[in-house]
Every structure is written in C-alpha cells, then in structure tokens.
Participant: 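Take this structure first; my questions come after.
The sequence lines fix the lettering, A, B, ..., with proteins before strands; numbering per chain opens at 1.
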Amino acid sequence: MPSPYHASDTIIRTTIQLHHREQSQPTAQPMNILTTLRDRFRQPLQQQTDVAEKMLDMIRPAQDARFGDYQANFAMPLGKQLRLPPRDVAARIVEQVNLNDMCHPLEIAGPGFINLKLRTSWIVEQLAAAFQDDRLGIPKVLNPKTIVIDYSSPNVAKPMHVGHIRSTVIGDAIYRALKFLGHRAISDNHLGDWGTQFGMIIYGYKHFVDPELYRQHPVQELGRLYKLVHRLVEYQNAVAQLSDAETAVEQAENQLSTKQSSVKDLSRKTKKETKDIRKLRNQLADAKEHRDVLLERIDQVERDSQLAELARNHSGIAHAVLAETAGLHAGDPENRRLWQQFLPKCQEEIQTIYQRLDIRFDHELGESFYHDRLEPIVQRLQDLSHARESDGALCLFLPEFDAPMIVRKKDGAFLYATTDLATIEYRMENWNPDAILYVVDHRQKEHFDKLFAAVQLLGHTNIQLRHISFGTVLGDDGRPYRTRSGDIIGLEGLLDESVRRAYAVVCKNDDSRPTGPQLTEQQREQIARVVGHAALKYADLSHNRTSDYVFNYDKMVAMEGNTATYMQYSYARIQSILARGEVDLEQLRTKNAASALTLELSPERDLALQLLRFGDALNEMLDDYRPNILTAYLFAVASSFSKFYQQCDVIHADSERIRTSRLILCDLTGRTIKQGLKLLGIDVVDKM
RNA sequence: GCCCUCGUAGCUCAGGUGGAUAGAGCGUUGGUUUCCUAAACCAAAGGUCACAGGUUCGAGUCCUGUCGGGGGUACCA
C-alpha cells in the first residue's frame with residue numbers, strides 16, 4: 001500500500017487528509033506566507049494542470065538568499081507534462097499570477113526555477129498584523145478535527161524511566177500544537193494498571209510487606225516490594241532458562257568449529273564461507289551474552305544470603321505471581337481489594353512526575369477500565385468468524401502477516417492487543433474521533449500494523465489510525481541508555497541531574513558577570529528548574545523522532561547551539577532590553593506598528609521574515625507530527641535574533657523611529673519564542 | 001529464514017512526496033567587548049552523503065543488489 005508518510009509509520013485510510021494545508025479564508029487578515037503564495041498560484045496552475053495541488057507543494061523557502069526568499073520549482077515537471085520548455089511554462093504562469101502587492105517582479109532562473117522576493121512593505125504589513133494579534137498571526141484551522149492522542153502510558157506500579165521520555169514529551173508537544181491550531185485534541189494516558197506488575201505487588205504485599213514502612217511511605221514500600229518480587233521472578237526464570245542457554249552456546253560453538261574445519265584452507269575462503277563464519281561467530285557471541293546475563297542474574301541473588309533464602313522459600317514465585325494476576329482479573333475479592341488500595345497511591349506517585357514535567361491529560365483511562373469489554377469483543381470476533389483457535393490460543397489470522405494476532409491466550413487471559421481493540425471502540429463510541437495517534441516506540445510497529453488491520457476487519461473504516469513511532473535513546477556506547485551496571489535509568493533521577501547541571505551553569509554565569517551577581521539564591525534555583533527540565537525535553541524534541549539518538553547531559557545542558565537554553569537566553573536578553581529601555585509594553589502594542597516598522601538593515605528584515613514563518617513551521621510540524629521542525633524553526637529565530645542583536649542597537653538606536661521599530665521586533669521575537677516553546681511544553685524565564 | 005529500519009564532516013545530528021554550489025551545533029584555528037546578558041557574534045579548515053549499478057533534464061532523497069549497525073518475528077506490554 002503506497003503511503004505518503006514515513007515508511008516506519010502505519011496508517012489506514014490515506015484518503016482522510018488530517019492536517020491538510022488549508023486554503024486561507026479570503027477575509028482572514030493574518031496568514032501564513034506559504035499558504036498565501038499557494039493561494040495565489042492555485043488558479044494559474046489549475047488552468048495548466050489537474051494536479052495543481054501537487055505542484056503547489058513545490059513552492060518552498062529559497063535554499064540560497066541569491067534566489068530570493070521563496071522559490072517555485074513546479075515549472076520543470078509541469079513542462080514535461082505539457083511537453084513544453086519549462087522556462088516557457090514558468091513564463092506563462094508568472095504572467096498570470098497576481099503577486100504584485102506581495103513580491104518584487106518574479107524572476108525565472110536556470111532550467112525554470114521561479115524566484116520570489118517578498119516586498120518589504122508586504123512583510124511590514126504582515127508583521128504589524130501579527131504584532132497586534134494575541135495569536136501572533138496564526139489562524140485557527142477552518143475545519144477542526146477531533147484527534148485522540150495516546151501517549152506516555154507507563155505502568156503505574158513501576159517507576160517511570162528513560163524509555164518514557166520520548167512518548168511523553170513528543171505526544172505532549174503534538175497535543176499542544178494541535179490544540180493551538182484549533183483542533184479538538186484529546187489526550188488519553190493509557191496507563192498500565194492491570195498487568196503482571198500488580199500480581200507482583202500483590203504477592204509481595206502478602207509475603208514480604210513491612211507494615212510500618214507501608215504505613216509511613218506506602219509508595220516507597222510498594223516500589224520495594226515490586227523490585228524484590230521482580231528480582232526473585234527473574235532469578236527463577238533465569239535458573240529455568242540456564243541449561244537451554246548453555247546448550248545454545250555449545251551448539252553455536254560446534255557449528256562454528258564444524259564450519260571452520262570444513263573450510264580447510266582458510267586463506268582461500270570463498271565470500272560465502274567468510275560470511276557464514278562471521279554469522280556463526282555473531283551467533284556464538286549472542287548466545288554467550290545471553291547466558292552471561294542469566295548467570296549474572298542468578299549470581300546477584302545467590303551472593304546475597306538473604307535474597308538466596310527468599311528465593312529458596314519462594315521457589316514457585318514466578319507461577320504464583322501469574323496466579324495472583326489471574327486472580328485479580330477473575331475478580332478475587334482479596335486481590336481486588338488490594339489493587340484498589342494500591343492503585344491510587346501508584347497514580348499519585350506518577351502524577352508528581354507529570355507535575356514536574358508540566359503535563360496534564362484529558363483522560364487517564366488505563367487498561368483496567370476496559371476489562372469488562374474484552375470478553376464481548378472477543379466473542380464478536382468469533383461470531384464474525386475472524387478469530388479461530390490455534391494451539392489453544394484464540395487468533396486472528398491476517399493475510400498480510402506470518403504470525404497471527406492473539407486475542408486470548410491458551411490460559412484464557414487477554415492480551416494488550418485485545419485491550420487495544422476495546423480501547424479503539426470505546427474512543428469511537430464516546431469521542432467520535434477523526435483520528436487516533438499512538439506515540440509509541442518503533443519496536444511496536446508490527447503490533448500496530450496488526451491492530452489496525454483488525455480494526456478494519458471489525459468494520460471500522462471511517463477513522464485514521466496512526467502509529468507515530470520514534471527511535472531509541474542510546475548511551476555513549478550506542479546501546480539503549482542504561483546505567484553502568486545495566487540498570488534502567490529512572491526518569492526522576494534524570495530530571496534531578498539535569499536540574500543540578502543547569503544550576504551549576506546558572507551560578508557560574510551569574511558569578512562571572514562583570515557587574516557582579518544579579519540573582520538571588522531563590523532565583524537561581526527557580527531558573528535551574530526551568531532550564532534543566534527544558535534541556536531534557538528539548539534534547540528529545542529537537543531530534544527527528546524516527547531516529548535513535550545518543551543521550552548526553554553535557555550537550556543537553558551545554559547551553560550552546562540548538563538547545564532550549566539558547567532560546568531561553570535569547571528570550572531573557574529581550575526581556576532585559578525591554579526592561580532597560582523602560583518600555584511600556586501596553587503602549588507599544590497599541591502603536592500603529594505598520595507605520596512604525598522600518599526594516600532597512602538586513603538583520604532586521606531577516607528577523608522579520610523569520611518571525612512570519614511561524615505558522616508555516618507549525619503546519620509543517622503537524623504535517624507529519626515532527627516536533628523537530630518546530631525546534632529547528634525556533635533555533636532559526638533565535639539565531640536571527642542574535643545577529644540582529646549584535647548589529648542593531650535597540651535602546652540607543654539612531655532615531656526614535658528606529659528604536660520603536662526595533663522594540664517591536666524584540667517584543668514579537670520574545671512572544672514567538674515563548675509561544676513556540678510553550679507548544680513544546682517548555683517555559684521561559686525573564687532573567688538567567 | 002522472513003520483515004522493518006538506519007549508514008551524511010573528527011563527534012552529535014538536520015536534510016517535506018527528487019531541484020540550483022549537501023547544512024547546523026560541538027570540537028579545531030583565527031578574529032570581535034569602554035556598547036541593550038560574550039550562555040553571543042564573525043571567519044576559516046573539515047564531505048567519494050557505506051559501496052555498486054539503474055531510473056531521470058536533475059538523486060543524499062526513488063528502484064535493484066552488496067556490505068555494515070539496530071529492531072521485530074504465536075500466547076509480555
């Protein structure tokens with residue numbers, strides 16, 4: 001199935017264009033540059049071709065200032081289609097398009113590029129409109145869509161860790177941006193509140209709880225119980241798997257030596273033989289690694305005499321935990337009671353993290369919420385003859401996939417595939433969304449492929465389902481980010497460390513000010529909190545979401561280059577200018593900006609043009625749900641501002657007129673940075 | 001085995017459904033401050049875009065193959 005989206009994403013119903021580029025309202029004054037240019041070119045193009053929209057997409061910002069501000073590249077493909085020289089086609093379009101108020105006379109260059117240079121008078125007019133608008137000139141969409149965004153979704157009984165950053169932060173940014181543009185965005189945190197981890201806690205509570213600790217610090221004690229039981233279960237599983245793992249190593253060793261001895265003359269190996277041997281070597285290494293992990297896991301427990309004794313006394317713990325989980329699901333009164341007791345405490349714990357991250361959800365309907373809907377949906381799948389039993393499990397065999405989607409295990413338990421189906425139906429019944437977005441890591445692609453196919457089987461075709469996938473956070477070694485001892489890194493600790501480093505930088509900077517420190521201890525701490533949290537979020541958002549990226553504190557908090565800090569710094573400098581200039585903002589904002597603005601120097605014009613691109617950047621971001629488009633835009637704004645700042649004195653400008661004009665630019669830049677960062681879930685500070 | 005992904009400067013990364021001379025930050029080298037926050041700015045050096053074919057007026061981008069990394073692949077989520 002051809003897809004207009006990134007290959008790693010999955011969609012159905014490509015015909016629903018969700019956040020398509022809208023034609024602007026004829027009356028809407030503030031508007032985006034690209035939207036406007038496309039509007040102007042639409043009719044002339046429609047006279048030449050029936051694929052005008054495709055051609056309109058080929059209008060884009062110029063790559064090189066020599067080619068003006070924007071360029072249109074459609075004359076070449078159009079020339080081919082019409083069997084005319086592209087330059088002639090370009091000339092014909094240029095003659096018909098009405099851009100005189102907006103652009104200098106268009107130029108045709110090279111094979112048929114159309115170069116557009118915006119009139120400064122037009123920029124001034126648009127900028128003035130944006131300046132006087134609370135929304136900075138960004139229009140709301142004409143056709144708002146209802147879009148459910150499913151992100152974050154941690155298991156409530158476990159501490160959140162580094163793996164939750166991306167889903168949480170990217171999902172939140174998409175949510176904020178959609179809302180800002182006027183869509184009805186609904187965020188739903190699909191909490192894991194019903195799984196095996198509760199079986200572990202319940203088992204732990206029944207056998208290992210310290211009542212006093214539980215009374216004083218319930219969440220901490222539950223966390224301890226989870227970790228303890230988890231460890232014992234892992235230990236037991238490791239013991240059970242060890243002999244298989246050892247056999248696998250032996251087998252790999254045998255295969256390798258057989259292969260090597262069959263190739264007698266090693267200096268005259270064929271390509272295939274070389275390849276086979278390397279592959280066998282890798283297999284051996286993998287097998288050894290797996291075995292060593294198991295050994296380490298076993299050793300860790302056995303080294304600790306207390307743990308070892310617990311492991312001996314609870315030899316059936318792996319099974320028992322599953323039984324506790326099954327009991328919970330089956331309605332065992334004691335387990336239900338415990339679950340109801342634990343759940344609010346776990347949720348509270350997780351909320352403290354969300355508060356730190358400044359993230360709120362419209363809904364938090366966890367897995368448990370759908371429990372009663374699983375049986376009926378499975379029944380329906382059977383009634384419709386879509387599901388059948390295989391090896392005792394109830395399966396959906398989907399034509400495009402080798403392995404089936406299992407909706408009920410042979411022990412009768414349901415899986416998350418089942419819950420996901422029920423969740424989609426619930427959302428459709430209650431919110432009637434145009435789309436549901438799943439911000440989930442790329443490893444679950446196949447799950448979503450199957451899930452979406454199953455949804456179609458159930459007859460739901462009037463909805464777009466999309467997996468917004470993202471890559472892995474890596475450590476310096478290029479492997480998933482972990483502590484040196486191999487443990488997963490907790491999110492809370494990550495935030496603390498980020499704030500700690502931000503604090504150090506804030507202090508260093510303030511202490512080294514030529515005029516002496518300006519910040520109180522309280523201010524320093526507050527700034528460090530904002531800057532530290534921002535650094536972490538921004539580091540994540542500024543990478544292409546589909547890429548893996550290497551996590552690096554130093555770079556993140558380095559406060560140079562494309563970081564949140566650089567943007568926040570720009571913002572703070574602007575606030576400083578406005579304060580030092582004793583500017584009455586209310587008065588400034590009521591000024592007739594259109595007549596006050598003057599963009600004579602190129603840093604002024606560049607900055608102004610950059611500010612006008614905000615709406616285009618947002619559209620582009622939502623086109624494929626890529627927050628790094630917005631971070632790149634903000635970096636460009638901040639860079640333009642730095643150049644402007646360097647070359648254009650604001651407070652001591654040559655004339656009152658220029659001073660006012662530059663103050664307007666400063667204020668609008670500050671508001672744009674603030675608004676842009678806000679859409680990424682990031683705050684600003686006035687001083688830093 | 002099959003499927004999905006990635007390979008761009010010393011390092012970390014950008015590079016819409018193909019468009020003009022492949023970009024940024026860090027690092028390196030050199031320069032800028034009696035001046036609104038130098039956490040800044042300017043300049044230079046640094047690239048066979050993994051490799052080989054192909055499609056095209058035009059390929060980092062699309063197709064095929066090869067090499068290398070990561071991930072997934074029947075009852076975890």
Participant: Is a donor from one side chain sitting under 3.5 angstrom from an acceptor on the other, for A:Thr168 and A:Ser152?
Facilitator: yes

Participant: Name the pairing partner of B:C2, where a pair is Watson-Crick or G-U wobble with both distances under 3.5 Å, or state none.
Facilitator: B:G72

Participant: Of all the choices, B:U37, B:A14, B:A77, which nucleotide is nearest to the side chain of A:Ala572 once you look at every atom?
Facilitator: B:U37

Participant: Going by ring pair (Phe, Tyr, Trp, His ring centres under 6.0 Å), name the pairs with one or both residues in residues 386-416 of chain A, residues two or more places apart or in two chains.
Facilitator: A:Tyr416-A:His447

Participant: Between A:Met200 (CE) and B:A77 (P), how many Å, whole number?
Facilitator: 12 Å

Participant: Heavy atoms from C-beta onward define the side chain here; which of B:C13, B:G16, B:C41 lies closest to that of A:Tyr566?
Facilitator: B:C41

Participant: In Watson-Crick or G-U wobble terms, both distances under 3.5 Å, what is the partner of B:G47?
Facilitator: none

Participant: So which protein nitrogen or oxygen atoms get under 3.5 Å of nucleotides 23-32 of chain B's nitrogens or oxygens?
Facilitator:
none

Participant: Can a donor-acceptor pair under 3.5 Å be found between the side-chain atoms of A:Arg66 and the base atoms of B:U21?
Facilitator: yes

Participant: Base, sugar-phosphate or nothing for A:Lys508? Non-hydrogen atoms, less than 4.0 Å.
Facilitator: nothing

Participant: Indicate whether OP1 or OP2 belonging to B:A38 is found under 4.0 Å from a side-chain N or O atom of A:Tyr645.
Facilitator: yes

Participant: By nearest heavy atom, map A:Glu367 and A:Tyr549 onto RNA chain B; which one lands nearer the 5' end?
Facilitator: A:Tyr549

Participant: On a whole-Å scale, what distance lies between the P atoms belonging to B:G27 and B:G69?
Facilitator: 32 Å

Participant: Would you say the side-chain atoms of A:Ser640 and A:Asp606 include a donor-acceptor pair closer than 3.5 Å?
Facilitator: no

Participant: According to a strict under-4.0 Å criterion, is A:Asn509 in side-chain N/O contact with OP1 or OP2 of B:U37?
Facilitator: no

Participant: Quickly work out the A:Gln241 CD to B:C76 C1' distance and round it to whole Å.
Facilitator: 13 Å

Participant: For B:A43 and B:U48, measure between their C1' atoms and round to the nearest Å.
Facilitator: 27 Å

Participant: Centroid-to-centroid, A:His190 to A:Tyr370, below 6.0 Å?
Facilitator: yes

Participant: Now, which nucleotide makes the Watson-Crick or G-U wobble pair with B:U55, with each of the two distances under 3.5 Å?
Facilitator: none

Participant: Between A:Asp511 and A:Arg524, is there a side-chain N and carboxylate O pair less than 4.0 Å apart?
Facilitator: yes

Participant: What interatomic distance, in whole Å, is found between C1' of B:A20 and the corresponding atom of B:U61?
Facilitator: 16 Å

Participant: Between A:Arg613 and A:Asp69, is there a salt bridge with N-O shorter than 4.0 Å?
Facilitator: no

Participant: If you compare every side-chain N and O of A:Asn73 against the phosphate oxygens of B:G58 (OP1, OP2), does one of them come in below 4.0 Å?
Facilitator: no

Participant: What does A:Arg513 touch in the nucleic acid at a heavy-atom separation under 4.0 angstrom: a base, only the sugar-phosphate, or nothing?
Facilitator: base

Participant: Would you mind telling me which of B:C76, B:G16, B:G19 lies closest to the side-chain atoms of A:Pro61?
Facilitator: B:G16

Participant: Kindly point out which of B:U12, B:A77, B:G19 is positioned nearest to the side chain of A:Val550?
Facilitator: B:U12

Participant: I'd like to check, for A:Phe67, whether its ring lies over the base of B:A20 with centroids under 5.5 Å apart and a plane angle smaller than 30°.
Facilitator: yes

Participant: On a heavy-atom basis, which atom in A:Asn628 and which in A:Ser542 lie closest, and how many Å separate them?
Facilitator: CB-O, 3.5 Å

Participant: Could you tell me the separation between the CG atom of A:Asp449 and the C1' atom of B:C3, rounded to a whole number of Å?
Facilitator: 10 Å

Participant: For B:G70, does either OP1 or OP2 sit under 4.0 Å from a side-chain N or O belonging to A:Thr472?
Facilitator: no

Participant: Taking atom P in both B:G31 and B:C49, what distance in whole Å separates the two?
Facilitator: 34 Å

Participant: OP1 or OP2 of B:C42 sitting under 4.0 Å from any side-chain N/O of A:Lys643?
Facilitator: yes

Participant: Indicate yes or no for a side-chain donor-acceptor contact from A:Gln236 to the backbone of A:Ala318 under 3.5 Å, with no hydrogens or angles considered.
Facilitator: yes

Participant: Can the positive tip of A:Arg573 be found less than 6.0 Å from the middle of the six-membered ring of A:Tyr645, inside 45° of the ring normal?
Facilitator: yes

Participant: How is A:Leu415 classified with respect to the nucleic acid when contacts are heavy atoms under 4.0 Å: base, sugar-phosphate, or nothing?
Facilitator: sugar-phosphate

Participant: Could you tell me how far B:G54 sits from B:G18 if I compare only their C1' atoms? Round to whole Å.
Facilitator: 15 Å

Participant: Taking atom types as modelled, find out whether A:Tyr549 and A:Asp540 have a side-chain donor-acceptor pair closer than 3.5 angstrom.
Facilitator: yes

Participant: Between the protein and nucleotides 72-74 of chain B, which nitrogen or oxygen pairs come in under 3.5 angstrom?
Facilitator:
unit_1	atom_1	unit_2	atom_2	d
B:A74	N1	A:Ser390	OG	2.9

Participant: Would the A:Phe113 and A:Phe67 ring centres measure less than 6.0 Å apart?
Facilitator: no

Participant: If you assign A:Lys687 and A:Arg60 each to the RNA chain B nucleotide with the nearest heavy atom, which residue ends up on the more 5' nucleotide?
Facilitator: A:Arg60

Participant: Looking at A:Ser642, I'd like to know whether one of its side-chain N or O atoms comes within less than 4.0 Å of OP1 or OP2 on B:C41.
Facilitator: yes

Participant: Identify whether any heavy atom of A:Gln518 sits under 4.0 Å from a base atom; if not, whether one sits that close to sugar-phosphate; answer base, sugar-phosphate or nothing.
Facilitator: nothing

Participant: Between the side chains of A:Tyr538 and A:Asn562, is a donor N or O closer than 3.5 angstrom to an acceptor N or O?
Facilitator: yes

Participant: Between P on B:C3 and NE2 on A:His467, what's the gap in Å once rounded to a whole number?
Facilitator: 21 Å

Participant: Considering only side-chain heavy atoms of A:Gln63, which listed nucleotide, B:A20, B:A77, B:U56, is closest?
Facilitator: B:A20

Participant: For the P atoms, the ones on B:A24 and on B:C63, what distance do you get once it is rounded to whole angstrom?
Facilitator: 29 Å

Participant: Taking OP1 and OP2 of B:C36, is either one under 4.0 Å from a side-chain nitrogen or oxygen of A:Arg659?
Facilitator: no

Participant: Could you work out which one of B:U37, B:G15, B:G71 sits closest to the side chain of A:His442?
Facilitator: B:G71

Participant: Any salt bridge linking A:Asp441 with A:Arg166? Criterion: basic side-chain nitrogen under 4.0 Å from a carboxylate oxygen.
Facilitator: no

Participant: Taking the minimum atom-to-atom distance to the side chain of A:Asp649, which one of B:A39, B:G19, B:C36 wins?
Facilitator: B:C36

Participant: Using whole Å, report how far CG of A:Asn155 lies from C1' of B:C76.
Facilitator: 10 Å

Participant: Rounded to the nearest angstrom, tell me the gap between atom CE in A:Met55 and atom P in B:G19.
Facilitator: 14 Å

Participant: CG of A:Asn544 versus C1' of B:G60: gap in Å, rounded?
Facilitator: 15 Å

Participant: For the pair made of CG in A:Asn115 and C1' in B:G19, what is the distance, rounded to whole Å?
Facilitator: 12 Å

Participant: For A:Pro77, answer base if it contacts any base atom (sugar-phosphate contacts may also be present), sugar-phosphate if it contacts only those atoms, and nothing otherwise; contact means non-hydrogen atoms under 4.0 Å.
Facilitator: base

Participant: For B:G25 and B:A14, measure between their C1' atoms and round to the nearest Å.
Facilitator: 10 Å

Participant: Determine the interatomic distance between P on B:G47 and the same-named atom on B:G23; round to the nearest Å.
Facilitator: 14 Å

Participant: For B:U37, what is the paired nucleotide under Watson-Crick or G-U wobble rules, both distances under 3.5 Å?
Facilitator: none

Participant: Salt bridge between A:Glu107 and A:Arg87, side-chain N to carboxylate O under 4.0 Å?
Facilitator: no

Participant: Where does B:G31 fall, syn or anti, if syn means a chi angle no more than 90° from 0?
Facilitator: anti

Participant: Considering only B:C36, B:A39, B:G15, which nucleotide approaches the side chain of A:Arg626 most closely?
Facilitator: B:G15

Participant: Would you state whether a donor and an acceptor, one from the side chain of A:Tyr569 and one from the base of B:A39, lie under 3.5 Å apart?
Facilitator: no

